Amino acid sequence: MAATIAYEDVEVGTELPAQTFPVTRATLVRYAGASGDFNPIHWNERFAREVGLPDVIAHGMFTMASAIRVVTDWVGDPGAVVEYGVRFTRPVVVPDDDQGAVVDVTAKVAAKLDDHQVRVDLLAMANGQKVLGMSRAVVRLA
């Protein structure tokens with residue numbers, strides 16, 4: 001695969017298509033199985049409350065992986081991501097109902113760099129609160 005977005009076609013301030021990612025308890029069970037992270041804060045409501053959480057929370061790495069999909073879908077190649085980092089600012093609380101939680105992700109090009117690379121800043125929100133801070137990716141474009 002190769003990036004489908006041309007460096008010359010991108011300007012600072014270019015907004016990437018926003019995406020919404022639903023997160024249910026079933027999503028967390030599937031992610032736990034795939035990742036091997038069976039920490040009970042991600043599936044056991046009683047345990048989560050005992051350790052001071054409001055309810056079961058999504059895996060931080062799941063939230064991080066969901067957010068970068070905005071960038072990889074835009075650029076057309078996951079391998080174009082050169083760097084990616086976040087700070088986990090708030091957990092994504094996932095209630096035990098039919099809706100679960102929703103993570104809304106927006107992103108925009110914050111800087112054009114050398115070697116056909118751009119820095120993309122992401123904003124991930126759940127329940128009206130920022131759940132990832134300093135969420136930035138460096139992407140190599142075509």
Side-chain angles (χ1 to χ4, degrees), residues 1-113 116-142:
M1 282 184 141
T4 58
I5 304 293
Y7 181 81
E8 295 79 20
D9 295 338
V10 175
E11 299 297 329
V12 171
T14 298
E15 294 184 11
L16 283 60
Q19 292 191 46
T20 298
F21 302 99
V23 186
T24 64
R25 295 280 177 97
T27 307
L28 300 182
V29 169
R30 286 191 298 274
Y31 183 82
S35 70
D37 182 352
F38 295 101
N39 187 324
I41 64 173
H42 303 303
W43 57 270
N44 184 317
E45 186 174 323
R46 181 180 41 82
F47 184 85
R49 291 182 190 279
E50 284 175 2
V51 298
L53 295 168
D55 206 333
V56 165
I57 63 170
H59 303 73
M61 296 303 286
F62 171 82
T63 305
M64 184 179 177
S66 296
I68 196 64
R69 286 178 51 195
V70 168
V71 176
T72 59
D73 287 355
W74 172 70
V75 76
D77 178 10
V81 177
V82 177
E83 295 176 26
Y84 178 47
V86 306
R87 287 191 184 157
F88 300 105
T89 57
R90 283 188 168 74
V92 175
V93 178
V94 182
D96 188 15
D97 60 19
D98 292 336
Q99 275 105 24
V102 173
V103 178
D104 295 304
V105 182
T106 58
K108 68 179 174 180
V109 175
K112 289 186 85 166
L113 310 171
H116 284 231
Q117 296 182 39
V118 295
R119 189 186 89 216
V120 176
D121 291 351
L122 297 97
L123 177 61
M125 305 280 292
N127 202 24
Q129 297 185 321
K130 190 158 109 172
V131 295
L132 299 176
M134 299 296 293
S135 185
R136 296 180 174 167
V138 174
V139 183
R140 182 170 286 112
L141 302 178

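What you are looking at is a predicted structure, and each value in this text was computed from that prediction instead of being measured.
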For the backbone of V12 and the side chain of K108, can you confirm whether one donor and one acceptor N or O come within less than 3.5 Å of each other? no
Quick note, side chain to side chain donor-acceptor pair (under 3.5 Å) partners involving residues 6-17, not counting sequence neighbours, are none
In residues 50-66, what donor-acceptor pairs under 3.5 Å come from side-chain atoms, sequence neighbours left out?
from	atom 1	to	atom 2	distance (Å)
D55	OD1	R25	NH2	2.7
H59	NE2	D37	O	3.2
T63	OG1	H59	O	3.3
S66	OG	F62	O	3.0

Rounded to the nearest 0.5 Å, the CG atom of L28 sits from the CG atom of N39 at a distance of 11.5 Å
With sequence neighbours left out, the residues meeting side chain to side chain contact (heavy atoms under 4.5 Å, CB included) with A110 are R119, D121
Sorted by chain and number, sequence neighbours left out, side chain to side chain contact (heavy atoms under 4.5 Å, CB included) with V102 holds for T20, D104
Minimal heavy-atom distance between A67 and L122, with the atoms involved, is O-CD2, 3.3 Å
Taking every heavy atom of F38 against every heavy atom of A32, the minimum-distance pair comes out as CZ-O, 3.4 Å
Applying side chain to side chain contact (heavy atoms under 4.5 Å, CB included) to P40 and not counting sequence neighbours gives W43, N44, F47
Heavy-atom nearest pair, L113 first then V118, reads CD1-C, 4.1 Å
Are L123 and V105 close enough, and set up right, to give a side-chain contact (heavy atoms from CB on, under 4.5 Å), and what steps lead you there? CA-CA 6 Å; L123 177 61; V105 182; over 6 Å; no
Residues passing the side chain to side chain donor-acceptor pair (under 3.5 Å) test with R30, sequence neighbours excluded, are none
Sequence neighbours excluded, the answer for side chain to side chain contact (heavy atoms under 4.5 Å, CB included) partners of V82 is Q117, V138, R140
For residues 88-98, tabulate all N or O donor-acceptor pairs below 3.5 Å that involve a side-chain atom, not counting sequence neighbours.
from	atom 1	to	atom 2	distance (Å)
T89	OG1	K130	O	2.9
T89	OG1	V131	O	3.2
T89	OG1	L132	N	3.4
R90	NE	Q129	OE1	3.3
D97	OD1	Q99	N	3.0
D97	OD1	G100	N	2.6

Would you list the atom pairs, donor with acceptor, under 3.5 Å between side chains in residues 69-79 and any protein atom, with sequence neighbours excluded?
from	atom 1	to	atom 2	distance (Å)
T72	OG1	R69	O	3.4
D73	OD2	Q19	NE2	2.9
D77	OD1	G79	N	2.9

